[in-house]
**Q** 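Below is a structure I'd like to ask you about.
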Amino acid sequence: MSLNKKSVDDMNVKGRRVLVRCDFNVPLKEGKITDETRIVAALPTIQKLVKDGGKVILCSHLGKVKNGPNEGESLAPVAERLSEKLGKDVPFISDYNVTGEAATKAVEAMQDGDVILLQNTRVRGAEETKNGEDFSKELAALADDYVCDAFGSSHRAHASVEGVTKFIREKGGTCAVGYLMQKEIDFLGNAVENPVRPFVAILGGAKVADKLNVINNLLEKCDTLIIGGGMAYTFLKAQGMEIGKSLVDDEKLDYCRDMMKKAEEKGKKLLLPVDTTIASGFPDPIDGPIEVSFVDADKIPADMEGLDIGPKTQEMYAEAVKSAKTVVWNGPMGVFENPTLAKGTIAVAKALAETDATTIIGGGDSAAACNQLGFADKMSHISTGGGASLEFLEGKTLPGVAAADDK
Ligand code: 3PG
Ligand code: MG
C-alpha cells in the first residue's frame, strides 16, 4: 500500500466545497460525549480548511446502526462540541437522509470558511456499509473535493470512506488525507516499514484469534515480540504448561507453536510471561475487590485463573523496552479495569513513558489504558483507530488510505 498520499497541504480549497470524512464515533452516555479525543484530533484539518477559505462539509458514522434508515444515534452532540472547539457555529443537518434536499440547501447557503456537519452516515444502513453506489454519488454531489481524516474508520470500505472518492475523482476533484490520517500513517507506517531498531512490539488482549495476523506480521518486522494479556496463556499451554482456568484458545495451540518456531528460525526474541497473577476467578464486578497471589508461569494451579502478568514478568518486560528505539504496543497485559489486576499494564505503560524510544500505542484498549492510567501525554503517538490500527499492523491495505490520491 503506497503511503505517499496527497494531503490537505497539497490542495487549494479557496471557495471549494470540501467533504471531510471524520471519525466522530465517540462514546456517548445519555446523549453526552464522554471522551472527546476523536473530536479534538480532527480539529487541525478542519481549521486548516477553514483558514484556506474552503466550504467544509463534515460527515461521520456513529455507533453501529443495525436496522437502517431513521435509526441510531444522532451526531447532534458532536456538532455542538465542534462549535465550542472551533469557536464558530457548526450547523447540524439533522435529516436522516444524510444527503438530499436539506443537505444540498445547506451547502448552497455556505460561505467560504463555513463548516457544517451532516447526519450519521450509518443511518443509511447497507448503502453506507456495503459501499452503495447511489449513496456514494449523492455524497460526492455535495462537494468538489474530498478529505479523509477518519483513520479509525479507514479499514472500512464504506460509501463515505471509499465509494465517494471514485465519484469525486471522476469530476476532477482531489481526494486527500487530513493531518490526523497523515500522522497515523507516518507513525504506524514508519514503525512497521522503517523502524529505528531495536524495534520491540508488545501485544496483549484477550484472544490469540484476534491477533493472528498481527503476531505473524510483527514477527517479520520487529526484533523482540512481547506477549501478555489473556492470549499469553494459549502460548503457555502450547508449551505444555498447566494454565488452570485461564483464558485459552484451544484451536490456536498449533498456531502458537508455529509462531514460537518462526521466532526461533528468524532469530527474533519472543518473550512470554515467566510468572502470573492468579485468582480463583474473574472479578465480578470487573473492578470489584479480588484476592490474588503470584506464581511462576508453569505453576498455575488447576483451579486458579491467570488475570495479569506477575511481578517478575513486569520487570523483564520493562527491561526489554529499555534498549528499544521503537516500541509499538497493542493490548493490555491483564484485566486493567481492576486496580489489583492493572499492575502489569501499568508496568508496561510506565516503561514506555520512561524510554526515549518512539512509542506508539495502537488504539482501543491500550489507548484507553494509557488514558485511564495517566500516561497518555508521555507517548509519542496514541492511535485513534482500534480495528484500523490493528489492520495496519497486520500489513493490510486500508481502503480509506488506499482511496486517497497518490502524490
Ligand atoms: C471504531 O470506533 O472502531 C471506529 O469508529 C470504527 O467503528 P466500527 O468498528 O463500527 O466500524
Ligand atoms: Mg470498532
Side-chain angles (χ1 to χ4, degrees), residues 20-29 32-43 45-46 58-69 71-75 77-79 81-82 98 117-132 135-136 139 147-164 177-178 180-181 183-185 188 205-207 209-211 213-214 329-332 360-372 376 381-394 396-403:
V20 185
R21 175 52 156 104
C22 296
D23 187 345
F24 291 142
N25 186 23
V26 292
L28 291 168
K29 206 169 180 182
K32 295 252 176 309
I33 298 164
T34 56
D35 180 349
E36 62 177 21
T37 308
R38 283 176 165 175
I39 295 176
V40 174
L43 297 176
T45 296
I46 301 170
L58 304 174
C59 70
S60 173
H61 80 287
L62 178 64
K64 311 258 180 209
V65 179
K66 289 265 165 0
N67 301 317
E71 283 201 18
E73 209 84 63
S74 165
L75 273 170
V78 172
R81 188 64 61 92
L82 276 169
V98 187
L117 175 63
L118 304 179
Q119 186 54 279
N120 182 357
T121 51
R122 259 187 208 171
V123 300
R124 290 287 293 256
E127 293 185 87
E128 161 75 337
T129 55
K130 300 266 187 280
N131 218 357
F135 186 41
S136 300
L139 286 167
V147 170
C148 184
D149 213 16
F151 180 74
S153 314
S154 63
H155 58 318
R156 307 281 185 217
H158 290 178
S160 65
V161 176
E162 210 253 355
V164 61
V177 298
L180 171 61
M181 194 79 169
K183 186 170 175 241
E184 298 270 12
I185 293 173
L188 289 164
K207 290 202 270 165
D210 292 341
K211 306 267 159 97
N213 298 322
V214 187
W329 176 26
N330 190 295
I360 301 158
I361 316 300
D365 275 350
S366 19
C370 277
N371 285 324
Q372 206 173 304
H381 179 65
I382 299 185
S383 177
T384 52
S389 68
L390 264 187
E391 290 197 21
F392 206 116
L393 297 176
E394 289 176 7
K396 274 200 193 150
T397 294
L398 303 183
V401 177

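These numbers come from the heavy atoms of this one structure, side chains and all, not from hydrogens, waters or symmetry mates. Note that ligands are numbered from 1 as they come in the structure, with each ligand's atoms numbered from 1 the same way.
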**Q** Heavy atoms only: which of H61, R156, H158 lies closest to atom 11 (O) of ligand 1?
**A**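 Looking at heavy atoms only, the winner is R156.
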
**Q** List the residues meeting salt bridge (Lys or Arg N to Asp or Glu O under 4.0 Å) with E162, not counting sequence neighbours, and say none if there are none.
**A** none

**Q** Nearest non-hydrogen atom to atom 2 (O) of ligand 1 belongs to which of H155, R38, R122?
**A**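 When every heavy atom of H155, R38, R122 is considered, R38 comes closest to atom 2 (O) of ligand 1.
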
**Q** Decide, yes or no, whether a salt bridge links R38 with E184 under the criterion of side-chain N to carboxylate O below 4.0 Å.
**A**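 So R38 does not pair with E184 through a salt bridge.
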
**Q** Counting from 1, what ligand 1 atoms have a heavy atom of K64 closer than 4.0 Å?
**A**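 Under 4.0 Å from K64, ligand 1 has these atoms: 8 (P), 9 (O), 10 (O).
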
**Q** Could you work out, with side chain to side chain donor-acceptor pair (under 3.5 Å) as the rule, every residue matching E36, not counting sequence neighbours?
**A** R81, K85

**Q** Which ligand 1 atoms does D23 reach within 4.0 Å, using its non-hydrogen atoms?
**A**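 Counting atoms of ligand 1 from 1, those under 4.0 Å from D23 are 4 (C), 5 (O).
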
**Q** For the pair E128 (side chain) and S160 (backbone), establish whether a donor and an acceptor sit closer than 3.5 Å, ignoring hydrogens and angles.
**A**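 Looks like yes, one N/O pair under 3.5 Å.
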
